*Asks:* 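Dropping a structure here in structure tokens format, bear with me for questions.
Since we're looking at a predicted model, the values are computed, not measured.
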Amino acid sequence: MAKNLVIVESPAKAKTIEKILGSDFEVKSCFGHIRDLEKDDMGIDINNNFKPKYAVPEDKEKIVKELKKLAKDTDEVWLATDEDREGEAISWHLCEVLGLDPQTTKRIVFHEITKPAIERAVQQPRLLDMNLVNAQQARRILDRIVGFELSPVLWRKMSMRNSLSAGRVQSVAVRLIVEREREINTFNSVSSFRVEAFFTAKDNQGRSLSFKAEGPSRFKTAEDAEKFLQQCIGATYTVKDIQVKPAKKSPAAPFTTSTLQQEASRKLGYSVSKTMLLAQKLYESGKITYMRTDSVNLSDTALTDIKQAIEKSYGQRYHQHRKFKNKNESAQEAHEAIRPTYMDNATIDDSDTRRLYELIWKRTIASQMADAELEKTIAKIDISTNHEELTASGEVLKFDGFLKIYMEGRDDEDSDEEDQEGVLPPLAVKQVVDLKEMKATERFTRPAPRYTEASLVKKLEELGIGRPSTYAPTITTIQKRSYVEKRDKEGIKREFRIMTLKADNITKTADTENTGAEKSKLFPTDLGMIVTDFLNQYFDSVMDYGFTAKIEEEFDEIANGKKVWNKMLNEFYEPFHQDVANTLEKAERVKGERLLGEDPESGKPVVARMGRYGPMIQIGKAEDEEKPRFAKLKATQSIETISMADAMELFRLPRNLGMFEGQEVTVNIGRFGPYAQHDKKFYSLKKEMDPYTVELEEIGPLIVEKRTAKDERTIKVFEKEKIQILKGPYGPYIKQGLKNYKIPKERIDHAADITVEEAKAIIEDVKANPPKKKAPPRKKKTE
DNA sequence: CAGTGAGCGAGCTTCCGCTTGACTT
């Protein structure tokens with residue numbers, strides 16, 4: 001038994017630290033928080049100064065038991081959880097549960113897992129900081145109160161039947177997406193004309209080189225643009241002035257969780273959860289440092305490694321020592337930035353994680369590389385026939401520096417400002433250049449783009465809302481609750497005008513462009529909009545974008561000992577709870593109704609609204625003699641924007657398409673999306689098939705395809721016993737009736753040879769020893 | 001798997017932040 005027990009949060013970290021500390025120390029992990037508020041009755045005694053009621057969750061019992069035993073048998077326990085609010089609280093909970101004295105137990109901290117940092121930490125133990133612990137308790141209790149008081153309000157006041165939820169973080173995340181959507185819906189695009197002139201100039205060897213210059217300004221109307229072109233007829237163009245300026249670009253800071261998610265999204269197209277899954281793999285296999293961090297700091301040992309790697313591969317000139325500072329005030333910096341553990345490994349063998357690893361490697365290396373040096377040239381060109389001038393700009397890379405390996409991506413790649421500036425031919429003042437043609441092109445203003453998962457994380461981080469460990473789960477939650485969905489949107493064709501001045505002649509043409517197309521963007525659902533409007537109306541303080549920042553300031557005051565935690569909670573709770581009570585009493589049940597018009601056939605009102613099963617259109621009223629007609633909205637439609645005409649279109653379903661193999665084929669939209677029905681069987685329509693326009697010829701192949709797919713999945717059938725052996729994504733399994741049974745490992749290889757008797761035996765076996773369920777239903781207290 | 005849409009009421013849902021496996025049809 002080791003003399004010392006060190007407890008950290010992560011098992012991968014425990015392994016590394018144990019190697020560093022040697023045999024006198026046993027290092028164990030507690031796997032994050034080991035206690036949480038009870039679920040019943042909020043887990044808070046509100047009338048008793050918000051006294052929290054903590055319990056060890058079921059899945060933590062085992063580890064707590066193990067730690068208790070180890071703590072008893074060891075001379076000294078060292079609490080080495082992360083140095084932030086949550087880490088301090090975990091240490092305190094460990095004291096409480098393991099029976100350690102918070103007044104004497106050694107608390108150590110380090111921000112990086114390196115030998116010097118850990119040895120230094122062991123030399124300088126401190127005691128628990130109860131102020132910091134209280135700040136965490138206040139944070140935890142406030143979040144529980146907000147979540148567990150607001151959610152039930154939604155259950156009572158929304159007409160929808162989902163398991164709705166609200167919280168300090170998720171509700172504001174949804175609000176951002178809802179407001180962005182409305183900005184886009186109400187955006188008025190205006191056009192203007194941009195003038196570009198294409199010239200040629202001779203270089204000193206007499207070769208003709210072409211270059212481009214920009215017009216004086218954008219013209220608001222086609223008339224103004226045309227007038228300008230007319231004024232240029234017959235003009236000569238003379239270089240009036242040349243300015244050459246040096247410029248430089250600097251590399252971005254090494255990755256934090258949020259910037260890693262953004263870059264992986266922009267450059268690799270990963271969702272935030274995929275990025276985190278792969279990063280976790282890399283961390284667990286020792287290839288990168290901890291992946292949930294808000295720090296841009298690099299350890300001294302890492303800096304030395306990086307310097308060596310740069311000098312070896314690129315030479316001394318490419319290295320530049322840099323120390324980055326966190327922009328964000330909410331950062332708690334318990335860890336290092338995300339970086340490779342060994343800079344020598346520019347890549348790795350594992351194909352799943354390689355691309356993410358290489359991204360991290362490049363970003364880390366680049367962050368310590370020299371600036372890129374540029375030379376910008378701006379030439380002004382006089383037009384002889386008017387007082388305007390044209391501007392040609394060029395850029396020459398003098399020294400690539402960090403650009404040799406890495407350039408940060410941008411969210412607005414498709415912006416119409418061309419970012420790649422070309423090289424200008426050598427020009428001289430007073431030189432006359434030849435105009436090939438001049439174009440005035442119509443350009444439209446665009447609304448802000450919809451959020452991607454990653455750009456939403458970026459925004460949340462800017463607002464100080466959420467933490468590195470919760471960005472990915474939050475994005476998942478708001479999609480799981482159907483407040484938000486990730487999808488593509490097709491663009492629409494738009495015509496734009498072009499006027500060309502060539503050989504003193506102006507021609508007018510038109511071209512089309514695709515606008516408004518979106519890929520993998522976050523769209524609010526009707527539910528998300530309705531819930532957001534409701535929360536905004538009744539709980540504006542919690543929904544305020546500055547709410548988290550404001551209470552974070554107060555948590556900081558608690559951590560500094562300037563404020564008492566339960567007083568702070570009370571100041572929040574009094575007005576908040578009053579709002580909850582008022583809302584429960586006064587607010588109407590929300591239906592999200594919108595009147596679209598009158599049904600031309602019956603004269604009855606046509607209404608878009610939220611039904612129990614989602615957004616729908618209703619013709620007529622429930623109290624009418626004749627039953628109202630209903631139709632479900634398409635996935636891409638919304639209550640807020642659907643037109644009367646589109647609404648009436650929806651009543652064209654179900655459609656009868658005609659006969660196939662002697663049976664009728666109909667299409668409709670059901671609980672699980674659009675489907676075709678044929679011979680009492682159902683066939684889901686393919687994504688690209690629209691049930692309103694799909695034709696009979698497309699349904700036949702669908703039916704045949706499903707038949708063969710079923711054949712391929714089937715290994716064996718025992719008709720009489722209704723037993724099937726099927727192939728699934730996790731290997732072969734047995735199906736009897738509607739139930740599935742797992743085939744024991746030792747028989748998987750010869751699943752095709754299983755006999756009826758064997759199959760029956762397996763079924764009986766599984767029935768006798770049912771597989772463990774993930775979460776057994778909690779017993780409700782009877783008293 | 002492929003319906004429904006009003007209202008009643010029982011019994012259920014729910015937060016954020018710290019960490020990994022156990023488990024899938």
*Asks:* With a 4.0 Å cut-off on heavy atoms, is A:P152 in touch with a base, just the backbone sugar-phosphate, or nothing at all?
*Replies:*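 Base contact.
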*Asks:* Output yes if the stacking criterion (under 5.5 Å between centres, under 30° between planes) is met for A:W155 over the base of B:dT13, else no.
*Replies:*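 A:W155 ring centre within cut-off of B:dT13 base, planes near parallel; stacks.
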*Asks:* Fit a plane to each ring of A:Y573 and A:H577, take the angle between them on a 0 to 90° scale, and name the class: parallel (under 30°), tilted (30 to 60°) or perpendicular (over 60°).
*Replies:*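 Ring orientation, 0 to 90° scale: parallel.
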*Asks:* For the base of B:dT4 and the side-chain ring of A:F630, does the geometry meet a stacking cutoff of under 5.5 Å between centres and under 30° between planes?
*Replies:*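 According to the criterion (under 5.5 Å, under 30°), no, A:F630 does not stack.
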*Asks:* Considering every strand and a 4.0 Å limit on heavy-atom distances, what is the contact class for A:G466: base, sugar-phosphate, or nothing?
*Replies:*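 Since only primed, P, OP1 and OP2 atoms lie under 4.0 Å of A:G466, the category is sugar-phosphate.
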*Asks:* Rounded to whole Å, how long is the line connecting atom CZ of A:R589 with atom C1' of B:dG7?
*Replies:*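 So the two atoms are 10 Å apart, to the nearest Å.
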*Asks:* Answer with yes or no whether A:R144 presents, from its side chain, a donor or acceptor under 3.5 Å of a partner atom in the base of B:dC16.
*Replies:*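 No pair found.
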*Asks:* Nearest whole Å is fine: how far is B:dA2 C1' from A:K706 NZ?
*Replies:*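 The answer, rounded to whole Å, is 10 Å.
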*Asks:* Counting only side-chain N and O atoms of A:Y483, is one of them less than 4.0 Å from OP1 or OP2 of B:dT14?
*Replies:*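 Looking at the OP1 and OP2 atoms of B:dT14, neither is under 4.0 Å from any side-chain N or O of A:Y483.
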*Asks:* If you pin A:H33 and A:M616 to their nearest nucleotides in DNA chain B, which one's is more 5'?
*Replies:*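 Residue closer to the 5' terminus by nearest nucleotide: A:M616.
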*Asks:* Please report the distance, rounded to the nearest Å, between CE in A:M276 and C1' in B:dG17.
*Replies:*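 Whole-Å distance recorded here is 13 Å.
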*Asks:* Which heavy atom of A:G466 sits nearest a heavy atom of A:V169, and at what distance?
*Replies:*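 Of all heavy-atom pairs spanning A:G466 and A:V169, the closest is N-CG2, 4.1 Å.
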*Asks:* Classify A:G32 by what it touches in the nucleic acid, base, sugar-phosphate, or nothing, heavy-atom distance under 4.0 Å.
*Replies:*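 Touches a base.
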*Asks:* Please tell me which of the listed nucleotides, B:dT19, B:dT14, B:dA2, lies nearest to the side chain of A:F682?
*Replies:*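 Looking only at side-chain atoms, A:F682 lies closest to B:dA2.
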*Asks:* Is the distance from OP1 or OP2 of B:dC18 to the nearest side-chain N or O of A:R292 less than 4.0 Å?
*Replies:*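 No, no such contact exists.
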*Asks:* Between A:Y683 and A:Y675, is the gap from one ring center to the other below 6.0 Å?
*Replies:*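 No, they do not, as the ring centres are separated by 6.0 Å or more.
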*Asks:* Give a yes/no verdict on a cation-pi contact between A:R175 and A:Y545, requiring under 6.0 Å between NZ or CZ and the six-membered ring centre and an angle within 45° of the axis.
*Replies:*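 Cation-pi check for A:R175 and A:Y545: passes.
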*Asks:* Please report the distance, rounded to the nearest Å, between NZ in A:K621 and C1' in B:dG7.
*Replies:*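 Spelled out: NZ on A:K621 to C1' on B:dG7 is 19 Å.
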*Asks:* Reckon A:Y471 has a side-chain N or O less than 4.0 Å from the OP1 or OP2 of B:dG17?
*Replies:*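 It does not, given that no N or O in the side chain of A:Y471 lies less than 4.0 Å from OP1 or OP2 of B:dG17.
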*Asks:* Determine: side-chain N/O of A:S29 to OP1/OP2 of B:dT19, distance under 4.0 Å, yes or no.
*Replies:*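 Looking at the OP1 and OP2 atoms of B:dT19, neither is under 4.0 Å from any side-chain N or O of A:S29.
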*Asks:* Please report the distance, rounded to the nearest Å, between CD in A:Q137 and C1' in B:dC16.
*Replies:*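 Rounded to the whole Å, the gap is 15 Å.
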*Asks:* Which is more 5' along DNA chain B, the nucleotide nearest A:Y741 or the one nearest A:R481? Just name the residue.
*Replies:*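 Its nucleotide being nearer the 5' end, the pick is A:R481.
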*Asks:* Could you work out the separation of B:dC18 and B:dA22 based on their P atoms and round it to a whole Å?
*Replies:*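 Going atom to atom, P in each nucleotide, I get 24 Å.
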*Asks:* Can you tell me how far CG of A:L282 sits from CD1 of A:I338, rounded to the nearest 0.5 angstrom?
*Replies:*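 The CD1 atom of A:I338 sits 10.5 Å away from the CG atom of A:L282.
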*Asks:* When you measure from the side chain of A:Y733, which nucleotide among B:dG5, B:dT25, B:dT20 comes out closest?
*Replies:*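 Closest nucleotide to the A:Y733 side chain: B:dT25.
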*Asks:* Hey, are A:D40 and A:K53 close enough for a salt bridge, meaning a charged N less than 4.0 Å from a carboxylate O?
*Replies:*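 Salt bridge between A:D40 and A:K53, a charged N being under 4.0 Å from a carboxylate O: no.
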*Asks:* Output yes when at least one side-chain N/O atom of A:S469 is less than 4.0 Å from OP1 or OP2 of B:dG17, else no.
*Replies:*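 Answer is no, no contact under 4.0 Å.
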*Asks:* Nearest to the A:M291 side chain among B:dT20, B:dT19, B:dC16, which nucleotide is it?
*Replies:*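 For A:M291, the side-chain atoms sit closest to B:dT20.
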*Asks:* Would you say a side-chain N or O of A:R629 is under 4.0 Å from OP1 or OP2 of B:dG5?
*Replies:*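 Checking A:R629 against B:dG5: no side-chain N or O falls below 4.0 Å of OP1 or OP2.
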*Asks:* Would you tell me if any nitrogen or oxygen in the side chain of A:Q170 comes within less than 4.0 Å of OP1 or OP2 on B:dC15?
*Replies:*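 A:Q170 to B:dC15 OP1/OP2: side-chain N or O found under 4.0 Å.
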*Asks:* With a 4.0 Å limit, can you tell me whether A:R156 has a side-chain N or O closer than that to the phosphate oxygens OP1/OP2 of B:dC12?
*Replies:*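 Result: no.
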*Asks:* Just to be sure I understand the rule, does A:D59 reach a base, reach only the sugar-phosphate, or reach nothing, if contact means heavy atoms closer than 4.0 Å?
*Replies:*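 Touches nothing.
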*Asks:* Calculate the interatomic distance between A:L150 atom CG and B:dT14 atom C1'; express it in whole Å.
*Replies:*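 From A:L150 CG to B:dT14 C1': 10 Å.
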*Asks:* Using atom CD of A:E149 as one end and atom P of B:dC16 as the other, report the distance to the nearest whole Å.
*Replies:*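 For the pair A:E149 CD and B:dC16 P, the rounded distance is 15 Å.
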*Asks:* So what does A:R139 hit on the nucleic acid, given a heavy-atom distance under 4.0 Å: a base, only sugar-phosphate, or nothing?
*Replies:*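 The answer is base, as A:R139 lies within the cut-off (heavy atoms under 4.0 Å) of a base atom.
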*Asks:* According to a strict under-4.0 Å criterion, is A:R467 in side-chain N/O contact with OP1 or OP2 of B:dC15?
*Replies:*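 Result: no.
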*Asks:* Touch check for A:G614, heavy atoms < 4.0 angstrom, all strands: base, sugar-phosphate only, or nothing?
*Replies:*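 Base contact.
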*Asks:* Does A:K39 have a side-chain nitrogen or oxygen under 4.0 Å from the phosphate oxygens OP1 or OP2 of B:dC15?
*Replies:*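 Looking at the OP1 and OP2 atoms of B:dC15, neither is under 4.0 Å from any side-chain N or O of A:K39.
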*Asks:* OP1, OP2 of B:dT14 versus side-chain N and O of A:S163: anything below 4.0 Å?
*Replies:*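 For B:dT14, OP1 or OP2 has a side-chain N or O of A:S163 closer than 4.0 Å.
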*Asks:* Among B:dA2, B:dG17, B:dG5, which is the nearest nucleotide to the side chain of A:T470?
*Replies:*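 Of B:dA2, B:dG17, B:dG5, B:dG17 is nearest to the side chain of A:T470.
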*Asks:* Counting side-chain heavy atoms from CB outward, which of B:dA6, B:dT14, B:dT20 is closest to A:E284?
*Replies:*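 My answer, after comparing the listed nucleotides, is B:dT20.
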*Asks:* Does OP1 or OP2 of B:dC18 have a side-chain N or O of A:R35 closer than 4.0 Å?
*Replies:*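 Looking at the OP1 and OP2 atoms of B:dC18, neither is under 4.0 Å from any side-chain N or O of A:R35.
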*Asks:* Reckon A:Q280 touches a base, only the sugar-phosphate, or nothing at all at heavy-atom distances under 4.0 Å?
*Replies:*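 Since only primed, P, OP1 and OP2 atoms lie under 4.0 Å of A:Q280, the category is sugar-phosphate.
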*Asks:* Taking only the P atom of each, what is the distance from B:dG17 to B:dG21 in whole angstrom?
*Replies:*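 These two P atoms come out 23 Å apart once rounded.
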*Asks:* Between atom CH2 of A:W92 and atom CZ of A:R107, what is the distance when rounded to the nearest 0.5 Å?
*Replies:*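 Separation between the atoms: 14.0 Å.
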*Asks:* Looking across every strand, which nucleic acid part, if any, lies under 4.0 Å from A:Y283 by heavy atom: base, sugar-phosphate, or nothing?
*Replies:*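 Contact class for A:Y283: sugar-phosphate only.
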*Asks:* For a quick check of understanding: with a heavy-atom distance under 4.0 Å over all strands, which category does A:R609 fall into, base, sugar-phosphate or nothing?
*Replies:*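 The answer is sugar-phosphate, as A:R609 gets under 4.0 Å only of primed atoms, P, OP1 or OP2.
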*Asks:* Specify the separation, in whole Å, of atom CG of A:L726 and atom P of B:dT25.
*Replies:*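 Interatomic distance, CG of A:L726 to P of B:dT25: 14 Å.
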*Asks:* Among the candidates B:dA6, B:dG17, B:dT14, find the nucleotide nearest to the side-chain atoms of A:E86.
*Replies:*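 From the listed options, B:dG17 comes nearest.
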*Asks:* Mind checking if A:K281 touches a base, just sugar-phosphate, or nothing, with heavy atoms under 4.0 Å?
*Replies:*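 Contact class for A:K281: none.
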*Asks:* Using 0.5 Å steps for rounding, measure from the CD1 atom of A:I63 to the NZ atom of A:K68.
*Replies:*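 Reported to 0.5 Å precision, the distance equals 12.5 Å.
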*Asks:* Looking for any heavy atom pair under 4.0 Å, which part of the strands does A:A89 touch: base, sugar-phosphate only, or nothing?
*Replies:*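 It contacts nothing in the nucleic acid.
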*Asks:* Rounded to the nearest 0.5 Å, what separation is found between the CD1 atom of A:I475 and the OG atom of A:S273?
*Replies:*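 Nearest 0.5 Å value for the CD1-OG distance: 9.5 Å.
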*Asks:* So, is A:S151 close to the B:dT13 phosphate, meaning a side-chain N or O under 4.0 Å from OP1 or OP2?
*Replies:*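 Checking A:S151 against B:dT13: no side-chain N or O falls below 4.0 Å of OP1 or OP2.
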*Asks:* Would you classify A:V169 as touching base, sugar-phosphate or nothing, given that sugar-phosphate means primed atoms plus P, OP1 and OP2, and contacts are heavy atoms under 4.0 Å?
*Replies:*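 It contacts sugar-phosphate atoms only.
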